[in-house]
Every structure is written in structure tokens, then in C-alpha cells.
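As C-alpha cells, the structure follows; a few thoughts come after it.
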Protein chains: 2
Amino acid sequence: MKIVVDAMGGDYAPRETVLGAVKARRELGIEVILVGNEGPVRQELRSHNAEDLIPVIDAAENIGMDESPVGAVRRKHNSSLVKAVKLVKDGKAAAFVSAGNTGAVMAASLLYWGRIENIGRPAIATILPNRGRCTLLLDAGANTDCKPKHLLQFGIMGSLYSQLILGVKNPTVGLLNIGEEETKGNDLTLSAYSLLKESALNFIGNVEGRDIFSGTVDVIVCDGFVGNVVLKTGEGLAAAFLSMLQEEISKSMLARLGMVLTVPILRDLKRKMDYTEYGGAPLLGVNGITIIAHGRSNSTAIRNAIGLARDLSEKGIVNAIRGGVIKMAGKEVRCLDA
Amino acid sequence: MKIVVDAMGGDYAPRETVLGAVKARRELGIEVILVGNEGPVRQELRSHNAEDLIPVIDAAENIGMDESPVGAVRRKHNSSLVKAVKLVKDGKAAAFVSAGNTGAVMAASLLYWGRIENIGRPAIATILPNRGRCTLLLDAGANTDCKPKHLLQFGIMGSLYSQLILGVKNPTVGLLNIGEEETKGNDLTLSAYSLLKESALNFIGNVEGRDIFSGTVDVIVCDGFVGNVVLKTGEGLAAAFLSMLQEEISKSMLARLGMVLTVPILRDLKRKMDYTEYGGAPLLGVNGITIIAHGRSNSTAIRNAIGLARDLSEKGIVNAIRGGVIKMAGKEVRCLDA
């Protein structure tokens, strides 16, 4: 089983993508294929004495971070991103990892692989750390405007993912909302609530922003606009919190001494909050495995994304979703995209 | 100038509401009127030797936290909340503070005072602390489904508030979105972007979740669903962060020593993150001054909310919005609710 990596995707490509691939090969024993501008990619491999370790497929074009996703995917057949997706389609790789233009990664996966039957919209699933266990939040940004049935489908995919990949038995599913009562919410969440309630999911009702980090629910469902805003808010707050702490501490000698002692703990906490450590977020609902890594991914994040890709491939997430979706929809089977 | 306080509103009423009123009287020199169940309220006042300090108006009914807002306001004319709003309408108080049922507080303010001309929807404005200065976010939860013109109106009210109350010259206004580019967003933000751009506001374009705590923008505009989710996420993350830190620290002796030295700093930081310290959030766009305090408000939060109410009243926020709204709308004056 091979994992194909878009060597040109991300802010620090190809340096960090190539090193990440080398780490995945050496530290995790995963067979990796790199697709990208052959010269620079091979040069990076050489600098790590890894030229014989990882095959490189040349791609003449790149898709930039700011390019219009669908247009770029349709136009640039020889881009690293499109060539990588085609390798999976042709059965030459089992899964695909990219830290490049998120919209283009989604568009290429969807265009070349198609959707899983009964799923209307693919969703980005993000794993969030918290006090107890992990909480899976989806959609983290694939769909800016959703219909109620899409939130039901996200709940189904999230629940199947949580069972299969995170090993949670009968995972709880919550609807991200602005109050716990069934009568709270906007038009979208009010309608989605009824669908989720009538499905075969272990739906526990509405959850709120504070539940994301409390470990009280396994899967949280929301539209991609809200999910994306929430994630970036969390990221910003964690950064602000650490910086405020450091600023305050620099003001007093005693506190500085305290800081010296607590600094390793803070670093570890920041790492827990830092989703690059988790490697990336799977795009669920397409007929294949795509891991979307953060644009600022370093080599560790790329390595972990490759590890996640292998895990999803070995456990057969695509078939699990294909096989489980109707059962999980329960009475709301009419809300699937047949 | 008197501020009327709903003595029965909030999780710790009347104990904390009464003590908050006493503190506002003694520490800030503000004349307060308490409205609520006379017996218990007077008893609380007596326990602080403050019976002669603050007049009490009896209210036979209460509106519970879970009651349907509009129905309760229409039905319970003798509730502390409705009686307090009527006092403002009758000119007997300059502003109103409540930690009670938020929906009912909004409904009563709107029903008895009406909207400011040209404003379609009142919005809750929340002041968020950050590294540099304060950022005002609105709407924080008054409107779950908004139209683009409402976001423009929120921008106008926020800008006027930022100038008058927070003393910011030519405040910058940002649209909360999922990317910085003009082409990013959902249907609502894409349309709102054009309106804000053509207005006379100092619009700086899209901002992201991480900008909320970075101090890079003075006013952030979003619909009330997103605003509410964002605030609760921030609250939850701050709590999770502190609890993780405390947990980690308890594991090592050295770290524990460090903790003893950094604990005062952490407490101070938590306070900064804790919006109860800020007292409350103004409801902007109604024909009067309402400060919505957090349901879990303690006496300090109530005191500060009363202080904020006085400030808004002295500076004439309602007239400022009434007078400034058309000018700030600029070319988009058609988007006001005439």
C-alpha cells in the first residue's frame, strides 16, 4: 500500500513535504510516492540521503494557494495535485495527502473520484483534543452553505469514522447550536435537529461551543462556515492566551522563575492545541482517501498526515461509509442523496 | 440619572443582583432602582445595611430562564423584567440592566421601546479583551438568521459605539468570514461584503476567527448564530486550557513550585478572558439602553454592568446611533430599514 503526497502543496513545500515523506518512510515504515517538480524534489531527497527510498513522479505545473480551485483543477492536468489524485484513481496509490490549496484538493478529489453513494456533500472532519478523549468536528470548511440533510449526512459519516478510526463504541453525535433546547437555533439547525433525532444515530441533541473542548461528545456536526470560524477562533485564542501569559510573566522576577518551571508544560499544551500535530483532516464522502494538511504544515505534520492516510486506508473508511450510511440514516433514509 | 436593575434575573438572583446594586451605589456612586420580589430583595439589602440606599419596586411575577421569551413578556406584565423596562419608558430610569432570560430582555426592550429609526434588527454587542485593545463583536446572539443589510446595520452601530464609548477614532470594521479574499464566504457574507465596502464605514474587509483575539480590528460583524457559537467556543477553550494546565502541573513537584509562582498571573488572565468581569453586553438598536448581563453574573459583574449602563446613558448612545446611521451607510443608504 502506497500513499501519494503532493510535494508542491503547502507554505513550506517542497522542503517540509519531502522531509515529512522521508520521516513517514523511516519512522512509520510507510511506502510513499512524491509528485512534484522533479528537480527540487530530488534535491531535497538527496539532502536526506533518501533518493532511493522514495519514488518521484514529475509534475510540470503547480496550483497556487490563491488560485480559483475548480478552474485550476480543470485547467492544470499536469499539476502535482491533479496527478496525485489520478494515481489513486488508477489504483497506483491507496490514499492522497496534500497541504496545498484546500479548495483545489477537494475539487480534484470530487472530480476524479466522485462521491460515495447517498452522500450529497463531502465534509472535512477535524479531530480536536480535549480533556477526556477526542472530539470529531465536521464540516470544518468544505461547504459554506448547507441544507439540513447535509448535516444529517455529516453526522452519519462522523459517527462511522469515530467507530472505525477512533475506536469509539456507539459514538454520541451533537448538533452545534446556540442553546441546548430543541427550540433553539437558526433555520438550518432547527430542521437538522428533527432529522438527526429520527435517524439511527446516537444523537444527544444540541451542543454548544463550550462542548467542543470539554470531551462530552464524540462527534459534532455543523455547516462548514461555522466549523471553519470555530476552528480559527480556537487557534487564535490559544495563541493569544500563550502570548498574554508570556507577556505577564516577563514583568516579574518571581513569575519568571515560575515560568522556567512551567515552560515545558506550556509547550506540551500548545502542541495539544496545535492541530498541525494531528497531521491533517480527512475529506469524508468522496470515493477515496484524501487527507488535507494545514497550509503551514511542517515535516512532522506531513509525516502524521501520511500516517493517518495509511490508517484510513487499512481500516477501509470508504467502504465503511458506503456500507453504513443507509443503516445509520434510520427513518430519515429519504434524506440521503440517492 | 437612575439605573434600574432586574433584581430577579440571573442564576444567583436576588443575592448577587442586590449586592451588585449595593456595590454600584457605594463604589461607583450610581443611583440604582431594584425591581423584584420585595420581601427577599429588602432582606438582601438589610443584610448589607443598604435599605435606605436603594429604592425597591415590588414585582409579583418572575420570568424564568427557560420560558418562551415573547409569550412571557406579553403575559407577565407584573414581572420584574417588564416593570423595569416600563420604568425606562416612563422616564423614571435612564437605563436597564438584567441577567435574566436574554430572549425576554430583548423582547421586552423591543416591545416597549421600539427600534431606532433605520435599524431593522437590534444586536447584542460584546466587548472582547485582547492583546492590544478591545474588539467589539456583534451580533453576539440576538438574531439567528440575518440578511446582508442587517450585517451592514450592525457594522454601523458597532462603529458608532466604538467611537463614542470606547473612544476609538475612525474604528476599523471587519466582516467575520472563512478567508480574507473578497470571493470567500457563504451567501450571506458574500452579499454583506459588497454593502460594507460601499458604505462610509472604515471597512477593512474579511477577518477570520483568529483576528477576534489579536487586536487587529475594532469592530467585527457577523450573524447572531455565528457570534454566539464563537463566544461560547472561546469561553470553553479558556476553561479547558486552564484546567489542562492545572492537571499537568499537579503531576510534577517542580512544576507545582512553578505554579505557585505563576498562579496570580493565571488568575488575572482568566479574569481578562471572563466576560462577566466586563459586566455585560449592550443591546444596540432599541430606543433605550439595555445591558444584558451573563446569567451566571456575580455581584461584581452586576456592578460593572450598572457602570456600563451609566456610561452609555451619559454619552447618549441611542441619540448617537439615531443621528449617525444614515451618514455611516454612505452609498448603501437604501439598505437601511426606512
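Below, chain A is the first sequence line, B the second, and so on; all start at residue 1. The figures here come from the full heavy-atom set of this structure, side chains too, leaving out hydrogens, waters and symmetry mates.
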Looking at Leu176(A), Thr144(A), Val226(A), which makes the most heavy-atom pairs under 4.5 Å with chain B? Thr144(A)
Rounded to the nearest 0.5 Å, what separation is found between the CG atom of Leu231(A) and the CZ atom of Arg210(B)? 10.5 Å
Distance (rounded to the nearest 0.5 Å) between Ile212(A) CD1 and Lys232(B) NZ: 11.5 Å
Chain A shares the most heavy-atom pairs under 4.5 Å, among Leu188(B), Asp66(B), Asn143(B), Asn177(B), with Asn177(B)
Quick check on Glu180(A): does its CD atom have over 12 non-hydrogen neighbours (other residues, nucleotides or ligands) under 6.0 Å away?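 Count not over threshold, so no.
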Identify which part of Thr189(B) has an atom lying under 4.5 Å from any heavy atom of chain A, answering side chain, backbone, both or neither. side chain
Answer yes or no: is there a donor N or O on one side and an acceptor on the other, between the side chain of Asn186(A) and the main chain of Phe225(B), under 3.5 Å? no
